[in-house]
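Below is one structure, written out as structure tokens; the observations come after it.
Computed from a predicted structure; not experimentally measured. Labels below follow one simple rule: chain letters A, B, ... track the order of the sequence lines, proteins then strands, and each chain is numbered from 1.
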There are 2 protein chains.
Amino acid sequence: MHQLKFERIPRATISRLAVYVQELEVMEQQGIKVISSEKLAQLCGVNPSQIRKDLAYFGEFGVRGVGYYVHELREAIRQSLGLDRTWNVVLVGVGNLGRALLRHNLLRKRGFVIVAAFDCDPFKIGEEIAGLEVNCTSKLPKSTRDMNVEIGIITTPPERAQRAANYLMEGGIKGIVNFAPSRISTPENISVEYVDFINHMFSVAFNITQKQIRGLL
Amino acid sequence: MHQLKFERIPRATISRLAVYVQELEVMEQQGIKVISSEKLAQLCGVNPSQIRKDLAYFGEFGVRGVGYYVHELREAIRQSLGLDRTWNVVLVGVGNLGRALLRHNLLRKRGFVIVAAFDCDPFKIGEEIAGLEVNCTSKLPKSTRDMNVEIGIITTPPERAQRAANYLMEGGIKGIVNFAPSRISTPENISVEYVDFINHMFSVAFNITQKQIRGLL
DNA sequence: CTGCCATTGTTAAAAAATTCACTATGCATC
DNA sequence: GATGCATAGTGAATTTTTTAACAATGGCAG
Ligand SMILES: NC(=O)c1ccc[n+]([C@@H]2O[C@H](COP(=O)([O-])OP(=O)(O)OC[C@H]3O[C@@H](n4cnc5c(N)ncnc54)[C@H](O)[C@@H]3O)[C@@H](O)[C@H]2O)c1
Ligand SMILES: NC(=O)c1ccc[n+]([C@@H]2O[C@H](COP(=O)([O-])OP(=O)(O)OC[C@H]3O[C@@H](n4cnc5c(N)ncnc54)[C@H](O)[C@@H]3O)[C@@H](O)[C@H]2O)c1
């Protein structure tokens with residue numbers, strides 16, 4: 001009776017589901033078999049209703065009076081999000097951050113496999129990082145088509161992000177995760193996400209300032 | 001008549017303000033002197049009312065019939081957020097990501113100065129990165145107090161994040177930006193922000209999947 | 001097999017955030 | 001100095017998201 005809802009799913013829900021998955025994995029490692037929304041909520045720093053609601057978008061995964069089976073819930077979320085498969089990814093801009101991401105194993109663990117890396121700097125082309133050779137950006141469109149890549153990661157300087165995005169789109173990419181602090185323009189059918197860490201710095205600074213101001217009153 | 005409002009300011013507003021600042025800086029470099037909420041909204045991918053509302057939390061910065069003076073608006077936002085000063089920051093966990101952040105100059109440009117870096121790996125201690133010597137984590141609490149550090153960045157593996165946070169709190173830190181994918185527990189008076197990039201990967205993957213499902217119907 | 005307990009799934013209420021629509025006002029022009 | 005125009009500021013309406021409350025139900029004890 002549930003199976004597929006046509007409600008729009010809030011962006012914030014996806015964000016939280018990522019957190020749930022992470023916490024569930026830790027529990028699984030610790031051998032915890034069952035968890036209630038109450039306890040999970042506590043660990044994730046959210047409201048228990050919120051968890052039940054988030055999950056309700058996708059189906060019924062719990063057992064009333066018992067809770068959620070940790071392993072099954074994790075699997076259910078992964079499936080719901082379309083993460084129960086491998087996604088081919090390319091990375092554009094092999095600088096400090098690009099290298100860190102290439103060497104990072106969490107992506108692969110989640111099914112995102114970086115199959116190629118590109119840079120426009122001749123000194124970087126040919127270099128090998130994490131078992132991957134850096135290629136010239138001009139080869140990007142053909143490579144991504146040949147390798148059936150669906151997602152592109154941009155880690156170029158901000159003023160180059162649009163150019164990188166254009167290459168990716170030329171290569172038939174369907175989604176972009178942009179780490180550069182600049183907006184890019186793309187047609188409607190491309191999903192774009194911006195990873196911005198400076199806003200978190202702003203937020204912490206602002207909160208500290210606020211508390212100090214409040215404290216003075 | 002405005003000066004200080006006691007409304008709670010939405011987290012999302014701060015996030016957008018960071019985007020506005022970035023776009024305003026680009027305009028300033030291009031020599032653009034004045035911008036309307038309409039145009040800025042277009043560049044930032046938001047609604048013009050949203051911009052006016054966001055700014056209204058802090059004051060009146062525009063000129064009716066004209067728009068906003070780019071430089072003044074940028075300054076006004078920076079001031080409103082408490083970014084018109086220098087923030088001393090320390091970083092814990094000098095791995096791939098930690099190094100990338102240490103070498104990154106956007107932080108400094110925004111007034112966040114990393115004054116010390118710590119790691120527990122004896123092979124890393126003593127190494128110099130971006131003009132900063134890596135110190136032993138055991139020295140962290142004393143150092144942060146001595147250097148008047150207010151913000152800590154965590155880039156350790158997730159299972160070490162809590163420990164890193166404890167050291168930071170021992171050092172009298174007021175806010176934490178955690179790049180590790182694990183929740184940390186802290187007393188109320190510490191501001192914590194989680195930088196999570198995997199949820200953006202999830203989101204793009206999910207959106208692509210959704211579109212494909214929709215397309216089939 | 002019955003009834004109780006715990007905890008989910010869900011509906012309703014509340015709160016928060018966004019967008020709209022309009023009012024106010026600074027600036028330029030005549 | 002008055003008039004028109006463009007655009008900011010703002011209160012109200014709308015939409016979205018979160019939280020609370022509770023009815024439904026699986027498991028377990030007796
Ligand atoms: N370093 C960090 O910790 C960090 C953190 C968050 C965000 N960022 C952002 O990520 C981006 C990269 O940061 P970084 O520190 O790695 O910078 P970087 O200068 O070290 O690396 C940028 C790389 O992109 C390459 N490049 C430039 N134009 C290109 C193009 N058109 N096509 C392909 N490659 C191109 C350069 O050759 C260079 O290798 C920046 O936008 C930065 O603001 C960095
Ligand atoms: N690499 C990336 O691109 C990336 C991106 C996003 C998030 N992250 C997250 O950031 C964190 C760091 O990632 P990484 O790739 O740099 O890992 P890494 O293993 O390269 O670096 C971790 C560093 O932390 C140090 N460390 C461990 N325990 C410590 C402790 N108790 N005190 C001080 N230092 C300690 C280690 O010695 C090591 O140098 C991880 O949690 C990762 O999930 C990484």
Using the test side-chain hydrogen bond (donor to acceptor under 3.5 Å, both in side chains), find all partners of [X] that sit at least two apart in sequence or belong to another chain.
X        : value
B:Asp196 : B:Asn199
B:Asn88  : none
B:Glu193 : A:His200, A:Ser203, B:Arg11

Protein-nucleotide distance ([X], atom [atom1]; [N], atom [atom2]), rounded to Å:
X       : N      : atom1 : atom2 : result
A:Ile51 : C:dT7  : CD1   : P     : 14 Å
A:Ile14 : D:dT17 : CD1   : P     : 11 Å
B:Leu73 : D:dT7  : CG    : P     : 16 Å
A:Tyr68 : C:dT7  : OH    : P     : 12 Å
B:Glu60 : D:dG9  : CD    : P     : 6 Å
B:Phe58 : D:dA8  : CZ    : P     : 18 Å
B:Phe61 : D:dG9  : CZ    : P     : 8 Å
A:Glu38 : D:dT19 : CD    : C1'   : 13 Å

Among residues at least two apart in sequence or on other chains, which ones pass side chain to side chain contact (heavy atoms under 4.5 Å, CB included) with [X]?
X       : value
B:Glu38 : B:Ser36, B:Pro48
B:Val26 : B:Gln30
A:Asn96 : B:Ala100, B:Arg103

Name all pairs fulfilling the side chain to side chain donor-acceptor pair (under 3.5 Å) condition that reach into residues 70-80 of chain A, sequence neighbours left out, sorted by first residue then second. A:Glu25-A:Arg74, A:Glu28-A:His71, A:Glu28-A:Arg74, A:Glu75-A:Arg78

Which residues in residues 188-206 of chain B have at least one heavy atom lying under 4.0 Å from any atom of DNA chain C?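 Within this stretch, nothing sits under 4.0 Å of the strand.
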
Which pairs would a plain distance check flag for residues 167-174 of chain A, meaning a side-chain donor or acceptor within less than 3.5 Å of a matching protein atom at least two apart in sequence or in another chain?
unit_1	atom_1	unit_2	atom_2	d
A:Lys174	NZ	A:Glu150	OE2	3.0

With sequence neighbours left out, the residues meeting ring-ring contact (aromatic ring centres under 6.0 Å, His included) with B:Phe197 are A:His104, A:Phe179

Any cation-pi pair here, B:Arg183 with B:Tyr194, using under 6.0 Å and within 45°? yes

Could you state the interatomic distance from CG (B:Leu17) to CZ (A:Phe206), rounded to the nearest 0.5 Å? 8.5 Å

For a quick check, with a 4.0 angstrom heavy-atom cut-off, what is the B/S/- contact string for nucleotides 13-21 of chain C, read 5' to 3'? ----SSBBB

Nucleotide by nucleotide, nucleotides 24-30 of chain D touches protein heavy atoms under 4.0 Å in the pattern (B base, S sugar-phosphate only, - none) BBBS---

Side chain of A:Ala56 only, please: which of C:dT10, D:dG9, C:dT7 is the nearest? C:dT10

